[in-house]
2 protein chains.
Amino acid sequence: MERLSLYLRELERAGPDAASTVSSRQLGLAAGATDAQVRKDLGFVGVVGRSGVGYARDRAVEAIRRAIGMHRPWRAVLVGAGNIGRALAAYGRFREEGFVIVAIIDRAPSILGRQVAGIEVRPMDQLARAVRSEGVDIGIIAVPGEEAQGVADALVAAGVRGVLNFAPTRLDVDGRVPVVEVDFRAALERLAAEVSQRDGDRRAAATRPTGSASPAVPARRPPRRRPG
Amino acid sequence: MERLSLYLRELERAGPDAASTVSSRQLGLAAGATDAQVRKDLGFVGVVGRSGVGYARDRAVEAIRRAIGMHRPWRAVLVGAGNIGRALAAYGRFREEGFVIVAIIDRAPSILGRQVAGIEVRPMDQLARAVRSEGVDIGIIAVPGEEAQGVADALVAAGVRGVLNFAPTRLDVDGRVPVVEVDFRAALERLAAEVSQRDGDRRAAATRPTGSASPAVPARRPPRRRPG
DNA sequence: CGGTGTGAATCTGTTCACAGCC
DNA sequence: GGCTGTGAACAGATTCACACCG
């Protein structure tokens, strides 16, 4: 379940000042889910709440962490120290959240040996060695689309157990390891689609060639009031 | 449908050298869907194929483009010229794909007036003006989480019609415009979850405190052979 | 009451299977 | 034979509704 991630964020955000207990309603409101959903999800990961009171915040946090495998830090190798790669490396928040970049690999000779976010950039042919010596769990791909598949193959061969892919390419790892894609283009297109069907494209339009029967769109999530 | 994006990518990738016709099977294979799915999806956006032959590639491309609103370019304002913001601005591919960043806004005095990807960075208080004068359609949020909600409010007030959010914060725009979240943390956690349940966490584990009943996991997508 | 836990009803999306076309 | 279009079966997830607890 991927709402768990959201619950976790909400539960953690509140900090120590908040009540030590949450109701499914509150949590759902904050995370964009219904109370029933929250109860089901929380039940699923094994948290039990107390009737009339709610769920103990820290119990919930721990259970979710464990359920999604975030109870111990993950060690990652970043392949690609270009724009996205450097942005990721610099994004310090990861460390707090249980992800540590322990090695950085890049192909470009110009950057080799330099440091990015305090880590020395190593050449491609040291990937396997790095994975082994640094105890890397997952590989992060931040290279141009054309190179992504090759990097993925190398990562899998080197023994990573999961791949996070920022390149705009569908990777084929033949089911050997899980792959999660973070696709900016797809995100933009999703947005474009939602926007243009929501208001029938009244955007700087010239002509509407085809009267394409775009299906009526029901507002997805019911509008949600700000917590405050 | 968000598979449409993928189909589009595949259809375009092939280039002019490829056959001008595709079967649902081919497309599905490349995009990670079943043939039936492809047929349903394509039918949904109004493409008709010819029996025994397949779908005309360019017809399909155009229909999908139209369906997801990508038949004309989108103009975006980027708020936040930090790491992620600059990476996005530098990611030239966007332009080819129908997204143009026409303005960049940042709060930090140190960067104001400087150019990022050939665009002058303007201060926050010029956001509304920029949106209007540049004919901005959507806003891209690439600021730290704490500032994201404020920026979102400003964007909506300024009249953007959609928001793409890279900050790790659930935005509340009260249903006024569509919001698409690109959440690195969530992506990493999804990966962590998949990895750890796939192989029962044999990762550098110390102890397994609780024998938490993690549900059996069926391999999600059936393994898919490389197109070549 | 406010809130949990959970079966039953419902909805949404996916797969199957097959008639029909080229 | 290869492939589309589509109704029907299916599966999964979401919501409902309600018994029960403090």
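Reminder, nothing fancy here: chain letters follow the sequence lines and each chain counts from 1.
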Excluding sequence neighbours, so at least two apart, what forms side chain to side chain contact (heavy atoms under 4.5 Å, CB included) with A:A76? A:I138, A:I140
Span of DNA chain C engaged by chain A, first through last nucleotide within the 4.0 Å heavy-atom cut-off, is C:dG2 to C:dA8
Sequence neighbours excluded, which residues qualify as side chain to side chain contact (heavy atoms under 4.5 Å, CB included) partners of B:R25? B:S23, B:D35
Starting at CZ of B:F44 and ending at C1' of D:dT4, how long is that distance when rounded to a whole Å? 18 Å
Under 4.0 Å, counting only non-hydrogen atoms across every strand here, what does B:G43 touch: a base, just sugar-phosphate, or nothing? nothing
Decide side-chain contact (heavy atoms from CB on, under 4.5 Å) for B:V45 and B:D41; before the verdict, give the C-alpha distance in whole Å, the side-chain angles of both, and the deciding distance to 0.1 Å. CA-CA 7 Å; B:V45 304; B:D41 293 346; over 6 Å; no
Suppose the criterion is ring-ring contact (aromatic ring centres under 6.0 Å, His included): which pairs have a residue in residues 135-168 of chain B, not counting sequence neighbours? A:F184-B:F166
Tell me which pairs pass salt bridge (charged side-chain N to carboxylate O under 4.0 Å, His left out) where either residue lies in residues 175-189 of chain A, with sequence neighbours left out. A:D183-B:R9, A:R185-A:E189, A:R185-B:E12, A:R185-B:E97
Sequence neighbours excluded, the answer for side chain to side chain donor-acceptor pair (under 3.5 Å) partners of A:E10 is A:R13
Quick note, salt bridge (charged side-chain N to carboxylate O under 4.0 Å, His left out) partners involving residues 138-147 of chain A, not counting sequence neighbours, are A:R107-A:E147, A:E146-B:R93
Inter- and intrachain pairs under salt bridge (charged side-chain N to carboxylate O under 4.0 Å, His left out), touching residues 47-61 of chain B, at least two apart: none
From CG of B:D35 over to C1' of D:dG5, roughly how many Å is that when rounded to an integer? 12 Å
Which letters describe nucleotides 8-22 of chain D, given B = protein heavy atom under 4.0 Å from base, S = only from sugar-phosphate, - = neither? B-----SB-B---BS
